[in-house]
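Below is one structure, written out as structure tokens; the observations come after it.
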Amino acid sequence: MDSSTTSPLTSERIDVFWEEGMLKHYTGTGVFDTLIDPGFLEVLEKHPENSDRVKNMVSILKKGPISQYISWNAGRLALISELLTFHTQEYIDELMQADKDGGKILCAGTILNPGSWKASLLAAGTTLSAMKHILDGSGKIAYALVRPPGHHAQPSRADGYCFLNNAGLAVQLALDSGCKSVAVIDIDVHYGNGTAEGFYRSNNVLTVSLHMNHGTWGPSHPQSGLVDELGEGEGYGFNLNIPLPNGTGDRGYEYAMNELVIPAVQKFEPALMVLVVGQDSSAFDPNGRQCLTMEGYREIGRIVRKLADKHTVGRLLIVQEGGYHVTYAAYCLHATLEGALSLPLSLLSDPLAYYPEDEALAVKVVDSIKQCWKDKVLLFQ
């Protein structure tokens, strides 16, 4: 049984960056994320990337057991000049024009409505503020609680509910501020293709993505997320994809972290770490087919924290992405941050409790990826 206590288990705190204006990004209703009303359903569901999910994340951090370890910080709007450090002028012009025109469906499921552009600027600026907080030495661990999400947004196009690449902008800020190298670990259930694309030719950024093996999903997402997408030019070997089989749970993810992620980060020796989190890898998420529970997220948080302590003097930026079960995503976020704090005891028990797992296939896949990288990736030679 997990325990909760009113006495702090550590003096450390996580600086959370948040702006309420991000809730004004309205994504509509329909059949899942299509906005289609077929005419024969009495109840239409909200688009999965809706404000309720983030309201619960804010609430659990303010009212849950972890609240005593949280410091709240305001975000801000990003400047257009800042957006251009990652995105092209043509793409930013397209987004601004869509906003002026009252909205636009940019690709499947990705709708810019009135209020969406300002929310996107707040998400980007708030993430940049969180990164600057770390770079200025004002804190070691910062969490950008933001929406719309960003890791699918590529330099020149929107994708997968994402308009601006919040994590990518933060990484570029770190590089521009003199940080020599950054490691990005993305555990959202979908491939962090936008972040990967942005640094695909860079050897200063190690991008590692653990995701379900979903492949491409159309013109907005041409990347496959397979192991052979390793980067190009100087960046070859610094984009590491870990496509895990559907149904991978806590033990499978932990095995992948230990066998693939830890060795890569240790060899890369980053100066700063970014953990890109999506709770859509959970066992109960409507938009993913993986089986992480709270304990799996907690352990990933612990592992990444240990890597940060060893290589980056504890400097760790956490950036919010997906996670669409309105209740369980908040619980899994709580667990992730518990892990990042290296708390000796869990603060919150899992409301959905035990989930059976057979990790044999995941272990086999991880072992095959490791063998592939030994032949192709300098970090594994």
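Index from 1, following the sequence.
Residue N113 comes nearest to T27 through the heavy atom pair ND2-CA, 4.2 Å, listed as atom of the first residue, atom of the second, then distance. The minimum heavy-atom distance linking S281 with D188 is given by the pair OG-C, 3.5 Å.
Sorted by first and then second residue, the salt bridge (charged side-chain N to carboxylate O under 4.0 Å, His left out) pairs involving residues 265-294 (not counting sequence neighbours) form an empty list. Sorted by first and then second residue, the salt bridge (charged side-chain N to carboxylate O under 4.0 Å, His left out) pairs involving residues 147-166 (not counting sequence neighbours) are E49-R147. Counting only residues at least two apart or on different chains, no salt bridge (charged side-chain N to carboxylate O under 4.0 Å, His left out) pair has a member in residues 24-45. The salt bridge (charged side-chain N to carboxylate O under 4.0 Å, His left out) contacts involving residues 316-344 comprise R298-E338, where partners must be two or more places apart or lie in separate chains.
For the residue pair H133 and N73, no side-chain donor N or O sits within less than 3.5 Å of a side-chain acceptor on the partner.
In terms of the side chain to side chain contact (heavy atoms under 4.5 Å, CB included) criterion, residue partners of S202 (sequence neighbours excluded) are, by chain and number, F199, N204, V205. For D52, the salt bridge (charged side-chain N to carboxylate O under 4.0 Å, His left out) partners two or more places apart in sequence, or in a different chain, are K46. Taking E12 as the reference, R305 meet the salt bridge (charged side-chain N to carboxylate O under 4.0 Å, His left out) condition, with sequence neighbours excluded. Under the rule for a salt bridge (charged side-chain N to carboxylate O under 4.0 Å, His left out), the partners of R302 that lie at least two apart in sequence or sit in another chain are E295, E299. Shown here are the side chain to side chain contact (heavy atoms under 4.5 Å, CB included) partners of P245, two or more places apart in sequence or in another chain: T248, L361, A362, V365. For K370, the salt bridge (charged side-chain N to carboxylate O under 4.0 Å, His left out) criterion is met by E259, not counting sequence neighbours. With sequence neighbours excluded, the residues forming a side chain to side chain contact (heavy atoms under 4.5 Å, CB included) with Q371 are K374, D375, listed by chain and number.
Within a 6.0 Å radius of CD in Q266, other residues, nucleotides and ligands contribute more than 12 heavy atoms.
In this structure, Y331 has its ring center at least 6.0 angstrom away from the ring center of Y297.
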From CA spacing to verdict: ring pair (Phe, Tyr, Trp, His ring centres under 6.0 Å), F163, H25:
CA-CA 11 Å; F163 306 101; H25 169 48; 5.6 Å; yes
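Taking Ile, Leu, Val, Met, Phe, Trp and Tyr as members and joining any whose side-chain heavy atoms lie under 4.5 Å apart, directly or through other members, the hydrophobic cluster of I105 also contains L35, I111.
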